[in-house]
Amino acid sequence: MAPKKTILKALAGETQATPPIWMMRQAGRYLPEYRATREKAGDFLSLCYNPDLATEVTLQPIRRYGFDGAILFADILLVPQALGADLWFVTGEGPRLSTITSQADFDKLGPADEVHETLNPIYQTVRNLSGALPPETTLIGFAGAPWTVATYMIAGRGTPDQGPAHALKSENRPLFEALMERITEATIQYLSAQIDAGAEAVKVFDSWAGSLKGQDFEDFAVAPTRRIISALKEKHPGIPVIAFPREAGDGYIGFHEKTGADCVAIDNSVSPDWAAEHVQKDGCVQGNLASSHMVTGGDDLVRETRAVVEAFRGGPHIFNLGHGITPDADPDNVQLMIDTVRST
Ligand code: CP3
């Protein structure tokens with residue numbers, strides 16, 4: 001039998017001499033081949049919904065760098081769109097959606113089990129990838145966590161402090177909770193279908209978890225993630241889940257146990273040594289080199305990459321950035337990072 005894939009080994013709790021590597025937003029605008037394919041598709045959303053081209057951009061960083069993991073090319077905001085929200089991207093600014101601020105707005109959304117109609121092309125991309133990836137590469141599916149997705153659905157765009165979502169949470173709690181519930185159910189459906197199509201692990205991105213404090217963090221970051229994971233584990237017991245409660249700070253402590261996640265992804269607002277001591281003791285961690293090193297490169301990149309590898313050496317670890325690689329990154333710096341990880 002072929003040796004188990006390195007990312008799956010890490011997710012199963014194995015400590016390895018060299019950590020497997022992948023990178024958030026590894027298929028993205030820093031790569032000329034990505035920009036060319038996106039141009040061919042017309043725009044970002046057309047690329048997401050075109051299984052042939054989405055397969056192609058997912059494979060590009062695997063061909064160029066030989067990453068150990070391939071992440072499905074899609075976006076967390078396809079779920080709101082599949083629930084009936086309008087979605088479009090403004091070049092240079094980011095996503096725009098129809099807003100949800102009243103019961104009437106919420107009532108226009110469709111049921112969670114009807115998201116597949118819109119999302120079917122994404123499952124086709126997963127099936128394509130499942131047959132096209134090298135045997136050693138792990139196929140990772142993903143979705144946004146309910147709180148992060150809700151912040152975009154409520155505000156209709158990205159916001160620096162998630163103010164509109166916090167406001168709805170305190171001014172109309174029943175509506176806020178109904179929205180969280182609908183997103184949670186849709187996310188279970190979506191991830192489950194990705195797994196049926198061939199995803200070997202899935203990741204739940206809670207990019208704005210850091211703005212939830214105290215009990216809110218427990219109720220709206222921990223609890224929905226736990227529900228998603230337990231529903232997935234029931235249907236697909238062998239499929240590992242990576243949770244990313246970005247900027248959770250002390251909230252990272254105990255996150256494996258509270259949610260049932262097989263791996264907790266760490267951003268770079270906490271140090272690797274701190275995360276090794278407080279989070280990796282409970283299971284696999286993923287992270288957490290600052291993505292700015294992919295822009296600046298040089299000796300700093302090498303030193304900090306080594307520091308991440310050394311800090312997590314004593315336990316299960318998947319090397320990654322603390323957040324997505326940015327469009328201004330230099331593709332050569334990515335190669336330098338990989339070479340450094342594999343020679344440390
Ligand atoms: O990581 C990967 O390579 C897989 C694909 C992926 C994308 N978005 C493609 C994308 C993944 C996993 C995401 C997740 C995502 N999308 C998150 C969570 C992770 C995070 O970054 O915090 C969020 C918050 C979104 C929503 C989103 N999508 C925003 C805010 C933006 C605009 C900001 C930006 O970087 O332009 C996007 C667009 C987006 N999603 C791009 C890509 C490659 C750039 C679009 C383009 O090509 O113009």
Side-chain angles (χ1 to χ4, degrees), residues 21-50 53-62 64-65 67 69-81 85 87-97 122 125-126 129 139-153 155-160 162 165 183 187 190-191 194 199 201-211 242-248 265-269 286-288 291 294 320-329 334:
I21 315 171
W22 70 279
M23 203 173 64
M24 283 184 266
R25 292 277 167 95
Q26 63 190 20
R29 288 161 291 182
Y30 74 105
L31 289 179
E33 58 268 37
Y34 170 83
R35 297 194 296 268
T37 310
R38 192 184 63 171
E39 185 132 303
K40 203 157 121 192
D43 57 51
F44 172 65
L45 282 175
S46 309
L47 178 53
C48 291
Y49 287 115
N50 181 322
L53 297 182
T55 301
E56 166 58 22
V57 293
T58 305
L59 293 172
Q60 284 168 351
I62 309 304
R64 188 191 263 257
Y65 300 113
F67 282 116
I71 183 154
L72 164 69
F73 189 84
D75 199 84
I76 68 164
L77 300 177
L78 304 186
V79 165
Q81 189 174 37
L87 172 68
W88 66 103
F89 280 80
V90 180
T91 310
E93 291 187 33
R96 294 289 184 275
L97 300 90
I122 311 307
T125 305
V126 177
L129 287 164
L139 176 54
I140 304 166
F142 75 93
W147 162 250
T148 289
V149 172
T151 65
Y152 288 96
M153 291 182 82
R157 57 189 299 160
T159 45
Q162 298 72 59
I183 301 167
T187 303
Y190 182 43
L191 289 174
Q194 290 181 33
V202 293
K203 178 167 175 185
V204 179
F205 284 88
D206 211 348
S207 303
W208 301 116
S211 80
I242 305 167
F244 183 35
R246 192 171 72 92
E247 297 194 353
I266 311 282
D267 72 88
N268 49 263
S269 68
Q286 177 180 281
N288 72 337
S291 36
M294 298 303 103
N320 205 307
L321 303 177
H323 201 191
I325 187 168
T326 52
D328 54 345
V334 176

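Ligands are counted one by one from 1 in listed order, and the atoms in each one are counted from 1 as well. All figures in this text were calculated on a predicted structure; none of them were measured in a lab.
Using a 4.0 Å heavy-atom cutoff, Phe244 is absent from the residues neighbouring ligand 1. For the pair Pro95 and ligand 1, a heavy-atom separation below 4.0 Å is found. Trp208 does not count as a contact of ligand 1, since none of its heavy atoms falls under 4.0 Å from the ligand. Using a 4.0 Å heavy-atom cutoff, Thr148 is absent from the residues neighbouring ligand 1.
Side-chain atoms of Asn320 come within 3.5 Å of backbone atoms of Met24 as a donor-acceptor pair (strictly under, hydrogens ignored). Side-chain atoms of Asn268 never come within 3.5 Å of backbone atoms of Asn288 as a donor-acceptor pair (strictly under, hydrogens ignored). Between the side chain of Trp147 and the backbone N or O of Trp208, at least one donor-acceptor pair lies under 3.5 Å. Between the Ser291 side chain and the Leu321 main chain, no donor and acceptor come within less than 3.5 Å of each other. Side-chain N or O atoms of Gln194 include one that pairs as donor or acceptor with a backbone N or O of Phe142 at under 3.5 Å.
With respect to atom 1 (O) of ligand 1, the closest heavy atom belonging to the protein is Arg25 N, 2.6 Å. The nearest protein atom to atom 23 (C) of ligand 1, hydrogens excluded, is given as Ile76 CD1, 3.5 Å; this is a heavy-atom distance. Nearest to atom 34 (C) of ligand 1 among the protein's heavy atoms is Arg29 NH2, 3.0 Å. Atom 48 (O) of ligand 1 has as its closest protein heavy atom Arg38 NH1, 2.2 Å. Here the protein heavy atom with the shortest distance to atom 42 (C) of ligand 1 is Phe44 CE1, 3.5 Å.
Proximity to Ser207 (heavy-atom distance under 4.0 Å) selects the following atoms of ligand 1: 18 (C), 19 (C), 20 (C), 22 (O), 24 (C). Atom numbering of ligand 1 starts at 1 in the shown order; those under 4.0 Å from a heavy atom of Phe73 are 43 (C). When each atom of ligand 1 is checked for a heavy atom of Gln26 under 4.0 Å away, the hits are 3 (O). Listed by number with element, the atoms of ligand 1 under 4.0 angstrom from any heavy atom of Ala27 are 3 (O), 43 (C).
Using a 4.0 Å cut-off between heavy atoms, Thr91 makes no contact with ligand 1 at all. At a heavy-atom cutoff of 4.0 Å, ligand 1 is contacted by the backbone of Ala74 but not by its side chain.
Counting heavy atoms from C-beta on, the side chains of Gln26 and Phe67 come closer than 4.5 Å. Residues Arg25 and Tyr30 fail the side-chain proximity criterion, which asks for heavy atoms closer than 4.5 Å.
Considering only non-hydrogen atoms, atom 38 (C) of ligand 1 lies nearest to Phe89 out of Phe142, Phe89, Tyr152. If you check each of Asp75, Thr151, Leu72 against atom 40 (N) of ligand 1, the one with the closest non-hydrogen atom is Asp75. Considering Phe205, Trp22, Tyr34, Tyr30 only, the shortest heavy-atom separation from atom 43 (C) of ligand 1 involves Tyr34.
Counting all heavy atoms, side chain and backbone alike, Leu78 lies closest to Cys48 at CD1-CB, 4.2 Å. The minimum heavy-atom distance between Thr159 and Gln162, with the atom names listed, is O-NE2, 2.8 Å.
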Donor-acceptor pairs under 3.5 angstrom involving side-chain atoms of residues 87-94: please list them, not counting sequence neighbours.
from	atom 1	to	atom 2	distance (Å)
Glu93	OE1	Arg96	NH2	2.4

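Taking any N or O of His323, backbone or side chain, at least one lies under 3.5 Å from an N or O belonging to ligand 1.
Between Tyr34 and Phe73, the distance from one ring center to the other falls under 6.0 angstrom.
Here Thr37 pairs with Leu47, Leu53, Glu56, Val57, Gln60 under the side-chain contact (heavy atoms from CB on, under 4.5 Å) rule; sequence neighbours left out.
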